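For reference, the structure discussed in these notes is given below.
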There are 2 protein chains.
Amino acid sequence: MATADEIRQVALAQFAQNGYEATSMREIAGGVGIKAASLYNHFGSKEAILWDLTCTALTSLTQARDEALAELPAEASARERLSVFIRTHVRFHAENSHQAMLVNSQMTALSASHFQQAVELRDTYQSEMQIILRAGKRSGEFSYLDLDLTSYAILQMGIAVSMWYRPEGRLRVGQVCDVYAELAERLVCARDPGFD
Amino acid sequence: MATADEIRQVALAQFAQNGYEATSMREIAGGVGIKAASLYNHFGSKEAILWDLTCTALTSLTQARDEALAELPAEASARERLSVFIRTHVRFHAENSHQAMLVNSQMTALSASHFQQAVELRDTYQSEMQIILRAGKRSGEFSYLDLDLTSYAILQMGIAVSMWYRPEGRLRVGQVCDVYAELAERLVCARDPGFD
DNA sequence: GTCTATATATCGATAGAC
DNA sequence: GTCTATCGATATATAGAC
């Protein structure tokens, strides 16, 4: 593997587990097997590493969701779209917990400019959930009290999976996705679109 | 206010907003209006401040929940108990967002011994949710696929309120509690206990 | 591209005067 | 209980040899 990628891998694990501020360039270098000064041949600063990792995490998450939704037929119901979204969302947070924890708790360590860009990427990702919820209410499939709060609740349930899921645990990742798809449908009182 | 309490107030805000590692003793002292060395007349170390704040936050949260549940009659239904729990939970996270964010993202900065004690306090708090969910399933009020995941989901929805709720926002805290009580009931398919 | 050596700054914490 | 002064460690980052 290229050295830059080894640095990404080690830094991601350490930032996610111990926090950005609590991780030193020496510790990252030690994990790679080089000296701290050599890191600067690959990244201009410590913050540049964090920004690289944050960008990759947010775009990977969005791309995974977009690819999954693109496989649905154009006439797919809101219920189907919600199911695909939440399953991809939960699977990503289970299988990429370090990337998820980085985005969830280390973004404040970014520079002001990078932080703003990261917030925009995250908001773009989350806005698709509200589009689906609105469409489902319009079609009569969904019923909910508040769009913002319901969308936050659905997304947050899945984000938390990154904090407890372990591959060797009681449930396979597919089972976890099944449960959360059911929970999300309950939050919007999902009904079959042909119910009327 | 006693100086120790002023230190608690300033440190809580700075730890929650910028993170424990990113906050220096000089910055805390500056917020109080004293010099960094004077902090050590009130707390033995920086970690002692974090531990003090974490303990207070976790016991306050548990106490608020216990007091609210204690006001219910002994024969209260699981549905009523869930409603009181989630409303107290959400209200605390909305009105004490700094304490909530401290517990949610700075606990890893504690010493190993203190971290373990904090995890136990948090688990004790969360276990009551599972007791209510089990009772509701037994009585036929609730229906859910997985106890652990459903309880995580309910608690996590409310925890996230601390990250976005603003007193000057669109909804009063009471309205937010109403919406989340409804969302929690949906997650367990809550029905009136006298339905059969 | 990695190394040693180092610059410069800041960290948590202590000593001792007042 | 607050202050000034400072210790020793460690931080990010750079310079220059190889």
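The analysis underlying the following values was restricted to heavy atoms, covering all of them including side chains, and did not include hydrogens, waters or symmetry mates. Since this is a predicted model, take the numbers as computed values, not measurements.
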Rounded distance (Å) that lies between atom C1' of dG16(D) and atom OH of Tyr40(A)
17 Å
Are OP1 or OP2 of dC11(C) and a side-chain N or O of Ser24(B) less than 4.0 angstrom apart?
yes
Is there a side-chain contact between Ser38(B) and the phosphate of dG1(D), meaning an N or O under 4.0 Å from OP1 or OP2?
no
Whether Glu80(B) side chain and Ser77(B) backbone form a donor-acceptor pair below 3.5 Å
yes
Residue whose closest nucleotide on DNA chain C lies nearer the 5' end, Ala36(A) versus Ala36(B)
Ala36(A)
Is Lys46(B) near enough to dG12(C) that one of its side-chain N or O atoms lies under 4.0 angstrom from OP1 or OP2?
yes
Quick one: Phe15(A) CZ to dT12(D) C1', roughly how many Å, whole number?
12 Å
Could you give the CD1-to-P distance, from Ile7(B) to dG1(D), as a whole number of Å?
10 Å
Provide, to the nearest angstrom, the distance between the CE atom belonging to Met25(A) and the P atom belonging to dA7(C).
20 Å
What is the distance from CD of Glu21(A) to P of dT10(D), rounded to the nearest Å?
18 Å
Given 3.5 Å as the limit, does a donor-acceptor pair link the side chain of Tyr20(B) with the main chain of Glu47(B), or not?
yes
Looking only at atom types and distance, does a side-chain atom of Asn96(B) sit under 3.5 Å from a main-chain N or O of Gln99(B), one as donor and one as acceptor?
no
Ile49(B) CD1 to dC11(C) P: how many Å, rounded?
14 Å
When you measure from the side chain of His42(A), which nucleotide among dG1(C), dC11(C), dT14(C) comes out closest?
dG1(C)
For Lys35(B) and dT10(C), give me the distance from atom NZ to atom P, rounded to whole Å.
15 Å
Nearest heavy-atom approach of Glu27(A) to Gln14(A) is O-NE2, 3.3 Å
Closest listed nucleotide, where the reference is the side chain of Ile34(A) and the choices are dC11(C), dT14(D), dC3(C):
dC3(C)
Round to the nearest Å and state the distance from Arg26(B) atom CZ to dC11(C) atom P.
6 Å
Report yes or no: does Thr56(B) contribute a side-chain atom to a donor-acceptor pair with the main-chain N or O of Leu53(B) at less than 3.5 Å?
no
To the side chain of Ala37(B), which of dC3(D), dA13(D), dA13(C) is closest?
dC3(D)
